[in-house]
Amino acid sequence: QVQLVESGGGSVQAGGSLTLSCAAYGYTGSFYYMALAWFRQAPGKDREGVAAIERDRTTRYADSVKGRFTISEDNAKNTLYLQMNSLKLEDTAMYYCAADFRSDVGWDPFSNYRYTYWGQGTQVTVSS
């Protein structure tokens, strides 16, 4: 059973940066064989996909974060990262990492249903 644990959230002023991490436990294989993603959920809103690494290692970004956020992985450490720059007030949310072994075929990388394994989330608060 794969357990995902996020860290790195916090409070930051608009325009600042944060890097989120997501470590996998209970899994002795490599992240390389998994589809990975970051989602976020703001109060009163649905959870939305932010960035993803598909099984073929193609990276995808939501339009709202393109050019500001970077998703990356360290397969040796089985850790997923989200570098967030030029943060805006609207980036405030609980951020979740997600992972899945299944093929990319037929799946929207930003669908909640695409991923089997989820972390508990880490809060990011952006203030003016």
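Since this is a predicted model, take the numbers as computed values, not measurements.
Put simply, CG on Asp56 and CD on Glu54 are 5.5 Å apart, with the number rounded to the nearest 0.5 Å. Asn112 contributes atom CG, which lies 8.0 Å from atom CG of Asp46 (distance to the nearest 0.5 angstrom). Note that CG of Asp74 is 10.0 Å distant from CZ of Phe31, once rounded to the nearest 0.5 Å. One finds the CD atom of Gln13 at 8.0 Å from the OG atom of Ser128 (value rounded to the nearest 0.5 Å). With rounding to the nearest 0.5 angstrom, the CZ atom of Arg102 is 11.0 Å from the CZ atom of Arg55.
Nearest heavy atoms, Leu82 versus Val50: CD2-CG1, 4.4 Å. Taking all atoms of both residues into account, the shortest heavy-atom contact from Leu80 to Cys97 is CD2-CB, 4.2 Å. Scanning both residues, Gly49 and Ala62, for their nearest heavy atoms gives O-CB, 3.5 Å. Between Cys22 and Leu4 the shortest heavy-atom distance is SG-CB, 3.9 Å. Across all non-hydrogen atoms, the minimal contact from Met34 to Tyr27 is SD-CE2, 3.8 Å. For the residue pair Thr92 and Val126, the shortest heavy atom distance occurs at OG1-N, 2.8 Å.
Under the 4.5 Å side-chain heavy-atom criterion for ILVMFWY residues, a single connected hydrophobic cluster contains both Phe69 and Val12. Cluster annotation: Leu18 and Tyr81 are assigned to distinct hydrophobic clusters (Ile/Leu/Val/Met/Phe/Trp/Tyr, side-chain heavy-atom contacts under 4.5 Å, transitive). Each of Val5 and Val2 belongs to its own hydrophobic cluster when Ile, Leu, Val, Met, Phe, Trp and Tyr are linked at side-chain heavy-atom distances under 4.5 angstrom. Taken together through direct or relayed side-chain contacts under 4.5 Å among Ile, Leu, Val, Met, Phe, Trp and Tyr, Tyr117 and Trp38 form part of one hydrophobic cluster. A chain of hydrophobic side-chain contacts below 4.5 Å, direct or via other Ile, Leu, Val, Met, Phe, Trp or Tyr residues, connects Met84 to Val65.
In this structure the side chain of Arg40 never reaches within 4.5 angstrom of the side chain of Leu20, judged on heavy atoms. Within the 4.5 Å cutoff, the side chain of Thr58 has no heavy atoms near those of the Ile53 side chain. Considering only heavy atoms from C-beta on, Trp107 stays 4.5 Å or farther from Val105 through its side chain.
In this structure, Lys66 pairs ionically with Asp63, as a charged nitrogen and a carboxylate oxygen lie closer than 4.0 Å.
For residues 106-125, the salt bridge (Lys or Arg N to Asp or Glu O under 4.0 Å) pairs, not counting sequence neighbours, are Asp100-Arg114, Asp104-Arg114.
With a 6.0 Å radius and a threshold of 12 heavy atoms from other residues, nucleotides or ligands, Glu90 has its CD atom above the threshold. The neighbour count for Phe101 CZ, taken as heavy atoms of other residues, nucleotides or ligands under 6.0 Å away, is above 12. The local environment of CD in Gln120 is sparse, with at most 12 non-hydrogen atoms from other residues, nucleotides or ligands closer than 6.0 Å. Within a 6.0 Å radius of CD in Glu48, more than 12 heavy atoms belonging to other residues, nucleotides or ligands are found.
Of the possible polar contacts, one joining the Thr122 side chain to the Gly9 backbone as a donor-acceptor pair under 3.5 Å is found. Put simply, the side chain of Arg47 never gets that close to the backbone of Tyr95: no donor and acceptor are under 3.5 Å apart. In this structure a side-chain-to-backbone donor-acceptor pair under 3.5 Å is present from Thr79 to Lys77. The main-chain N or O of Gly121 is found under 3.5 Å from a side-chain atom of Glu6 such that the two form a donor-acceptor pair.
With hydrogens and angles left out, the side-chain atoms of Gln83 and Thr19 include a donor and acceptor closer than 3.5 Å.
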Pair Glu73-Asn78, side chain to side chain contact (heavy atoms under 4.5 Å, CB included): steps then yes or no: CA-CA 7 Å; Glu73 58 182 327; Asn78 271 359; over 6 Å; no

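A cation-pi arrangement is present between Arg57 and Tyr32, with the terminal nitrogen or guanidinium carbon under 6.0 Å from the aromatic centre and inside a 45° cone about the axis.
Phe39 belongs to a hydrophobic cluster whose other members, connected by ILVMFWY side-chain contacts under 4.5 Å either directly or through intermediates, are Met94, Tyr96, Tyr115, Trp118.
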